[in-house]
Structures are given as structure tokens and as C-alpha cells.
Amino acid sequence: MNQPRLEQRAHSAIRIPHSKILLGAHMSISGGLHTSIERARSINCTAMQIFVKNNMQWFARPLTPKEIAAFLNHTQRGELLSIFAHANYLINLAATNPQFHANSLRALSEELIRADQLKLPFLVLHPGAHLGAGEEAGLEKIIGSINRVFRRIPKVKTRIALETTAGQGSCLGHTFEQIAYIISRVREPERLGVCLDTAHVFAAGYDISSESAFRKTLREFDRVIGRDRLVAIHVNDSKTARGSRVDRHEHIGKGKIGLDAFGFIMGNRRFHKIPKVLETPKGKDLVEDVENLKTLRGLIKPAPH
Ligand code: ZN
Ligand code: FE
Ligand code: FE
């Protein structure tokens with residue numbers, strides 16, 4: 001009696017070859033943007049996230065045509081089925097200091113331009129931290145800032161993917177409602193997507209630790225934000241407990257979330273076309289990435305019908 005069912009399972013597993021799963025990691029651009037492609041492919045990534053400039057600096061000189069070409073025409077670029085960007089951590093669209101705020105708008109505009117030149121579909125961005133001004137004031141400031149940035153660069157096709165945050169300190173974006181509110185109030189919502197970070201939503205209080213809990217959280221996401229907004233997943237385990245509001249990434253299976261959540265992500269059909277990237281601690285030789293990717297690939301189960 002069990003036999004046909006097992007066969008069917010094996011079949012649907014085969015339908016998703018490992019080479020087609022959009023899975024990878026954040027990669028360093030040290031040594032030139034194009035070198036990230038080589039790093040990612042050296043460990044068989046099919047998806048990759050990068051910074052579009054040094055992450056510790058506000059601004060950089062514009063990309064040269066040579067740098068852009070080295071990235072776009074790289075012989076291995078086609079082997080990465082999804083490449084996208086993450087914005088600089090200094091950017092805070094809710095900054096209360098006028099100079100920091102002005103820098104944030106300029107840096108975000110420039111990074112979107114760079115990402116567009118590299119033909120990247122979106123730039124992941126933490127919505128912002130209100131720094132004591134309060135949630136409402138912070139959200140209004142973020143909305144106004146996004147409007148201004150988009151108006152400055154009307155031709156840029158790269159979208160902003162708002163990332164769900166852990167809610168550490170005064171960081172906004174730790175509830176789906178806050179993200180939905182920003183999207184609903186921005187003048188050009190078609191230029192926004194959402195990136196779901198497993199460690200962040202967990203630390204923010206959402207339960208994803210079992211399949212049924214994860215499904216419930218996703219229903220919430222769909223109801224509040226909308227299913228079609230999801231463009232990427234950051235797959236990170238969490239060093240900190242659910243609801244801790246503390247953002248500490250941990251290796252897959254070594255943290256508090258547990259493997260069930262990651263098995264669900266790897267096996268769920270709705271995530272097949274969504275790039276999944278690690279942002280877990282690692283060294284230059286990428287051994288930690290190799291280990292985490294192996295763990296994730298090992299969790300692939302047939303998609304539920
Ligand atoms: Zn992020
Ligand atoms: Fe993240
Ligand atoms: Fe984080």
C-alpha cells in the first residue's frame with residue numbers, strides 16, 4: 001500500500017534538480033564586483049546577494065564602463081540564475097539627524113543606480129530605525145524618503161526589497177503591518193518588493209519553527225503584505241530566541257529555529273522561484289557556506305501537492 005506513494009514522492013523530488021534550485025549566499029565583492037560571481041560559482045551557488053560597493057562607506061566613485069562590463073559579460077554570470085543586491089548598513093531612511101538623512105537618500109539613490117547598471121532586479125533594504133522619534137513618525141519619514149529617492153531616479157528599474165527586521169533597538173519593519181503600511185503609502189508601490197529573513201522574523205516573534213507554524217506565518221504574510229511581494233528569502237538560523245528582538249545570525253541547524261523551518265522552505269513549491277541566500281558567519285575560504293548549503297540541500301523534500 002505504501003509503495004505507490006513512495007514512488008510518487010521520489011518522482012516529484014527528481015523534478016527539481018539541485019542545479020535549478022535558487023540557492024546561494026551573500027558574497028564578498030573584494031577584488032572587484034565580478035569576483036563575487038567566481039566565489040559563488042566556486043561553491044555551486046545558483047543565487048547570490050552582493051553589496052554594490054564597500055559596505056562601510058557612504059559613497060563611492062561611479063562604476064566605470066569596464067567594471068560594469070566585467071560583471072555583465074562574465075563567462076560564469078549565466079550560471080547564477082538570480083543575482084541581487086543588499087544596501088549599505090549605514091543607510092537609515094528614518095534618520096533624525098539631517099546630515100545622516102541626506103546621506104541616506106543620496107547613498108540609496110546611488111546604490112540603486114549601481115544595481116541598475118549591473119542589471120540586478122532589486123536591492124534589499126532595512127526600512128529604517130526611528131531612533132526615538134516613535135513608530136509613526138519613523139514610518140512617515142521612511143515613506144517620504146522612498147518617494148524622494150524614486151523621484152530622483154525615475155528611469156532606474158531596480159526595485160527596493162524591504163527586508164523584514166528583528167526589531168532590534170528602534171528598527172522598523174519587524175511586523176508585517178509596518179511593511180504593508182509603507183508599501184500602501186508609497187507613491188510608486190510597483191517599485192517595491194519584500195525580502196523575508198528567517199532569523200529576523202523569528203527574533204521579531206513570528207513562529208516558523210514547525211511546518212504548521214510556518215504556514216500560519218505565511219498566511220499572515222499573504223494577508224497583510226501580499227503573496228506576490230515576496231522576492232527573496234534570507235535563510236539564516238537565529239542565535240537568539242523567538243521574540244528576543246535581537247538580530248544574531250547562526251549556522252543552519254545550529255540555532256534556535258530548528259531544521260523544520262528550513263526543510264519547509266527548501267521543499268515548498270511556492271519558494272522554487274524565490275532566491276534563497278545565506279547571510280551566516282563565514283571566512284574567506286567559504287567552508288561555512290559549503291556546510292550550510294549542504295545542510296539545506298539535504299533537506300529537500302518533494303513539494304507538497
Ligand atoms: Zn539585511
Ligand atoms: Fe537579512
Ligand atoms: Fe540580520
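Ligands are counted one by one from 1 in listed order, and the atoms in each one are counted from 1 as well.
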Item to check | the Fe ion (ligand 2) to Glu163: nearest N/O/S atom name | outcome: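 Nearest to the Fe ion (ligand 2) within Glu163's N, O and S set: OE2.
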Next on the checklist: With a 4.5 Å cut-off on side-chain heavy atoms, are Thr46 and Lys20 touching?
Outcome noted: no
Item to check | Side chain Lys53, main chain Trp58, donor-acceptor under 3.5 Å | outcome: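 The answer is yes, because a donor-acceptor pair under 3.5 Å joins these two groups.
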Item to check | Residues Glu163, His126; criterion side-chain hydrogen bond (donor to acceptor under 3.5 Å, both in side chains); working and verdict | outcome: CA-CA 5 Å; Glu163 180 170 354; His126 302 176; 3.1 Å; yes
Next on the checklist: Taking Arg114 first and then Glu110, would you say they form a salt bridge - that is, a charged N and a carboxylate O separated by under 4.0 Å?
Outcome noted: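 No, this pair does not count.
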Next on the checklist: Going by ring-ring contact (aromatic ring centres under 6.0 Å, His included), His249 matches just one of His200, His26, His234. Which one?
Outcome noted: His200
Next on the checklist: Does either side chain, that of Thr64 or that of Glu67, offer a donor lying less than 3.5 Å from an acceptor on the other one?
Outcome noted: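 The criterion, which ignores hydrogens and geometry beyond distance, is satisfied for Glu67 and Thr64.
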Checklist entry - Ignoring waters, how many protein N/O/S atoms are under 2.8 Å from the Fe ion (ligand 3)? => result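 Atoms of protein N, O or S type lying less than 2.8 Å from the Fe ion (ligand 3) total 4.
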Next on the checklist: For the NE2 atom of His74 and the CD1 atom of Ile83, what is their distance to the nearest 0.5 Å?
Outcome noted: 10.0 Å
Checklist entry - Relative to each other, are the rings of Phe221 and Phe176 parallel, tilted or perpendicular (30° and 60° limits)? => result perpendicular
Checklist outcome for this item: Checking Ile265, Thr198, Leu218 against Ile208 for side-chain contact (heavy atoms from CB on, under 4.5 Å), the one that qualifies is Thr198
Next on the checklist: Quick check: Tyr89 with Phe51 (ring centres under 6.0 Å apart)?
Outcome noted: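 Distance test on ring centres: under 6.0 Å, yes.
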Checklist outcome for this item: Any protein N, O or S atom under 2.8 Å from the Zn ion (ligand 1)? Found His86 NE2, His126 NE2, Glu163 OE1
